[in-house]
Amino acid sequence: MRYISTRGQAPALNFEEVVLTGMASDGGLYVPESFPTFSTEEIAEFAGLPYDEVAFRVMKPFVGDSIDDDTFRTIVRESYAAFNHDAVTPLKQLGSHHFLLELFHGPTLAFKDIALQLLGRLLDHFLGKRGEKAVIMGATSGDTGSAAIEGCKPCEHVDIFILHPHNRVSEVQRRQMTTVLAPNVFNIAVEGDFDDAQAMVKASFADQSFLNGTRLVAVNSINWARIMAQVVYYFVSAVAVGSPHREVSFTVPSANFGDIFAGYVATRMGLPVKQLVVATNANDILHRTLHDNDFSRKTLMPTLAPSMDIVVSSNFERLLFDLYQRDGQAVSDLLARFSQGPVQLDAQAWSRARELFDSFACDDATILEIIREAHQRTGELLDPHTATGYRAAERCQRDTTTPMITLATAHPAKFEEAVQQAGFEGAPLPEHMQGLMEKEERYAVLPADLEAIHRHVNAHRRH
Ligand SMILES: *Cc1c(COP(=O)(O)O)cnc(C)c1O
């Protein structure tokens with residue numbers, strides 16, 4: 001399998017190179033040169049198979065011969081062994097045709113574990129094979145750093161440094177990161193805000209000379225392996241409600257468009273999908289684009305669903321590439337105009353998007369109302385991200401007899417503030433996380449100064 005850039009200029013890469021590369025050299029994102037497809041019979045065979053086995057079959061065409069089958073099976077098995085549910089991503093019925101796909105049974109209680117558990121192991125495998133080492137750097141406003149840390153903690157060839165704003169993440173979020181005492185995990189509390197931390201990570205990627213030749217890797221959601229890992233549960237859940245013999249719809253709480261893009265990939269691979277519904281919080285660029293053809297930035301709004309607080313959705317470029325019939329130059333031109341101000345998608349591209357996608361946005365007051373309403377009607381306590389999806393699924397459903405699967409992206413215990421504002425006591429932390437508040441922590445507090453950060457990385461990295 002070869003991968004090409006959405007901007008048409010960067011060289012094509014194989015799977016191994018794409019996993020190690022992240023963003024393409026022309027500023028684009030890598031996508032498969034063509035989508036592999038499954039026949040109806042092949043999809044029907046997924047029914048009843050363990051998650052690992054479906055994962056292997058769905059991802060194998062993307063991996064190609066970059067990894068031998070036995071090794072890849074082991075990587076997949078180990079990635080999902082740490083999940084707290086036998087089904088890995090269990091499905092719950094909410095109403096006669098409405099289902100909840102629980103993606104939060106991983107080590108950090110949010111769906112990002114599904115991709116990052118795999119990505120860490122893939123990186124380690126490729127680096128080990130090449131006899132190379134890598135440093136991972138990332139900035140987090142609280143939530144995603146822990147999933148990256150958990151994914152990389154078993155890696156022999158990777159040291160991971162995660163920057164968070166000092167005293168500006170919740171205690172649970174901090175402890176999820178700082179109580180991981182593995183020798184290759186380094187937490188840095190930056191005396192500044194999230195933007196300071198992120199700016200220093202960006203500057204480190206722009207000029208990597210401080211690492212003297214050691215590879216710097218990003219594990220953010222533009223890495224193709226993350227998308228690939230997420231395609232799996234679209235197949236697993238669709239088959240559980242009757243695919244490929246009937247159509248299915250999905251609703252996805254969305255921010256960077258990585259998760260729902262994986263649903264689009266499943267569709268391209270042959271899964272019969274009626275519609276994909278994008279749910280957003282008040283940071284609604286996706287909704288404005290899909291609903292009103294208004295592709296424009298708005299100021300960032302902090303919300304009760306903070307993992308969906310974004311200004312621009314990085315992975316939307318991957319969809320644009322297909323909407324513009326894989327014309328990298330057209331995508332480049334559109335994004336160049338977008339960086340100058342509001343734009344509209346070309347009418348044909350926009351109507352292509354609307355054949356499959358619908359969208360919905362809601363503010364914080366509505367999120368609280370939905371948490372209460374969903375609990376009253378179904379007995380389920382939803383986290384604030386999933387809540388946006390619950391309402392979007394109802395509002396946007398094109399056909400009430402097609403099963404609608406709403407993705408539950410986080411466990412409600414992780415977002416206590418919203419749950420309590422909605423009038424609930426809060427959900428208890430699952431067993432494997434109890435004791436978190438008593439565990440030993442390890443982290444460094446550093447000034448928001450790039451040289452100080454680089455000195456710290458070099459003093460602590462093992463390679
Ligand atoms: C990251 C995240 C999302 C958004 O996923 P994207 O792939 O960025 O669209 C939604 N909910 C939760 C809980 C998340 O952590």
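Start at 1 and go down the list; that is how both ligands and their atoms are numbered. As the structure is a computational prediction, the values presented were derived from the model and not from experiment.
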Candidate list Thr267, Asp358, Asp399, test side-chain hydrogen bond (donor to acceptor under 3.5 Å, both in side chains), partner Gln275, passing option: Asp358

Any residue meeting salt bridge (Lys or Arg N to Asp or Glu O under 4.0 Å) with Arg297, in chain and number order, not counting sequence neighbours: none

For ligand 1, output the ligand-protein N/O contacts shorter than 3.5 angstrom; if there are none, return none.
unit_1, atom_1, unit_2, atom_2, d
ligand 1, 7 (O), Gly258, N, 3.3
ligand 1, 7 (O), Asp259, N, 2.9
ligand 1, 8 (O), Asn256, N, 2.8
ligand 1, 9 (O), Ala255, N, 2.8
ligand 1, 9 (O), Asn256, N, 3.3
ligand 1, 9 (O), Phe257, N, 3.1
ligand 1, 11 (N), Thr409, OG1, 2.9
ligand 1, 15 (O), Lys112, NZ, 2.5

Aromatic plane relationship, Tyr80 with Tyr51 - under 30° parallel, 30 to 60° tilted, over 60° perpendicular: perpendicular

Just list the side-chain donor-acceptor pairs under 3.5 Å for residues 331-339, sequence neighbours left out, or say none.
unit_1, atom_1, unit_2, atom_2, d
Asp333, OD1, Gln329, NE2, 3.1
Ser339, OG, Ala336, O, 2.7

Polar side chain donor-acceptor pair, Asn315 to Ser221, under 3.5 angstrom: yes

Under the ring-ring contact (aromatic ring centres under 6.0 Å, His included) test, residues paired with Phe360 that sit two or more places apart: none

